[in-house]
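For reference, the structure is listed below as structure tokens.
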Amino acid sequence: MATLNIVNKSPFEKHTLSQCLSRAAPGGAILLIEDAVCAVIKGGAYAEQLVTGQQKVYVLEPDLAARGFADAALPDSINRVDYNGFVDLVTQYDLVHSWF
Amino acid sequence: MDDENDIGVVKRFLYVNRRAPHGSIYALESLETVLIGAAFDQDVSVLFVDDGVFQLKKDQQPDALGMKNFSKTFRALEMYDVEKIYVEDESLSERGLSVDDLLIDVESLPRNKIGALMDAQDVVLSF
């Protein structure tokens with residue numbers, strides 16, 4: 001069983017991203033939506049922590065674009081998904097857990 | 001009011017913005033409140049710290065979320081004589097940003113000067 005972990009709060013404001021990263025099982029995935037997309041910006045304090053190699057990391061493109069990061073450089077292993085990709089991830093993983 | 005030029009009491013207002021835009025309504029509500037303060041000819045300062053610095057990021061495209069792109073309104077602050085706009089250096093650098101990523105000119109302040117800025121006000125409003 002593999003879990004899709006969804007985080008929606010900025011790591012600079014709430015600790016849900018750290019709480020998720022410290023517990024998420026290897027082989028799962030982390031999807032960043034809403035204000036949590038702030039975590040992926042290259043050069044920011046959290047971008048490197050996300051790239052552990054233990055989980056796949058996805059970020060929701062419309063939430064990036066809304067905040068002015070449509071063309072921003074992201075770490076190589078972080079994948080952008082659109083709303084259809086979000087649905088694909090939910091169906092692809094056995095479990096979905098939201099950290100909010 | 002016996003004189004149409006009488007603008008009454010003028011206080012120093014500081015609006016403190018600490019949240020990212022679009023994930024909540026705080027940023028838009030703050031901006032509207034800043035404009036109200038300016039419309040009443042108050043002495044307005046606006047500060048962006050923590051995730052608040054994201055409010056000033058260039059190239060915001062919130063259309064796909066069904067949200068209004070109010071970031072363009074920050075460019076109108078100058079017309080309302082709101083010219084004291086401060087951003088905390090450390091909040092930018094922690095987030096991989098610099099003043100070049102922002103859509104308006106700001107005065108950047110180090111973290112250890114923020115307290116003094118607050119102490120210089122009559123009213124501090126938090127968003």
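Lettering follows sequence order; numbering is per chain, from 1. The structure presented is a predicted model; accordingly, all values stated were derived computationally and were not measured.
For B/Leu97, the part lying under 4.5 angstrom from a heavy atom of chain A is the side chain only. Contact of A/Asp63 with chain B is made through backbone and side chain together, with heavy-atom distances under 4.5 Å. When heavy atoms are compared at a cutoff of 4.5 Å, B/Asp51 approaches chain A solely by way of its side chain, counted from C-beta outward. Both the backbone and the side chain of A/Glu13 come within less than 4.5 Å of a heavy atom in chain B. When heavy atoms are compared at a cutoff of 4.5 Å, B/Ser93 approaches chain A solely by way of its backbone atoms N, CA, C and O.
Heavy-atom neighbours of A/His15 NE2 from other residues, nucleotides or ligands within 6.0 Å: at or below the threshold of 12. Other residues, nucleotides and ligands place no more than 12 heavy atoms under 6.0 Å from the OH atom of B/Tyr80. Within a 6.0 Å radius of CG in A/Asp94, other residues, nucleotides and ligands contribute more than 12 heavy atoms. Atom CD of B/Glu78 sits in a sparse spot, with 12 or fewer heavy atoms from other residues, nucleotides or ligands closer than 6.0 Å. More than 12 heavy atoms of other residues, nucleotides or ligands sit less than 6.0 Å from atom CZ of B/Phe70. Annotation: A/Lys56, atom NZ; neighbour count of heavy atoms from other residues, nucleotides and ligands within 6.0 Å does not exceed 12.
In this structure, B/Ser71 OG and A/Arg67 CZ are separated by 12.0 Å, a value rounded to the nearest 0.5 Å. The NZ atom of B/Lys57 sits 11.0 Å away from the SG atom of A/Cys38 when rounded to the nearest 0.5 Å.
Residues B/Met118 and B/Val34 fall into different hydrophobic clusters, defined by Ile, Leu, Val, Met, Phe, Trp and Tyr side chains chained together at heavy-atom separations under 4.5 Å. Linking Ile, Leu, Val, Met, Phe, Trp and Tyr residues whenever their side-chain heavy atoms come within less than 4.5 Å leaves B/Val46 and B/Val49 in two separate clusters. Residues A/Val57 and A/Val7 fall within the same hydrophobic cluster, defined by Ile, Leu, Val, Met, Phe, Trp and Tyr side chains chained together at heavy-atom separations under 4.5 Å. Residues A/Ile30 and A/Leu95 do not share a hydrophobic cluster, defined by chaining ILVMFWY side chains whose heavy atoms lie under 4.5 Å apart. Using a 4.5 Å cut-off between side-chain heavy atoms of Ile, Leu, Val, Met, Phe, Trp and Tyr, with links allowed through other members, B/Leu56 and B/Leu125 fall into the same hydrophobic cluster.
Here A/Pro62 is the residue among A/Ala47, A/Ala36, A/Pro62 with the most heavy-atom pairs under 4.5 Å with chain B. The candidate from A/Gly44, A/Pro11, A/Gly43 with the greatest count of non-hydrogen atom pairs under 4.5 Å with chain B is A/Gly44.
Listed by sequence position, A/Ala70, A/Asp71, A/Tyr83 are the residues of residues 70-90 of chain A in contact with chain B, using a 4.5 angstrom heavy-atom cutoff.
Between B/Gly96 and A/Ile41, the shortest heavy-atom distance links the atoms O-CG2, 4.5 Å.
Note: A/Phe12 and B/Phe54 have tilted aromatic rings, judged against thresholds of 30 and 60 degrees for the angle between ring planes.
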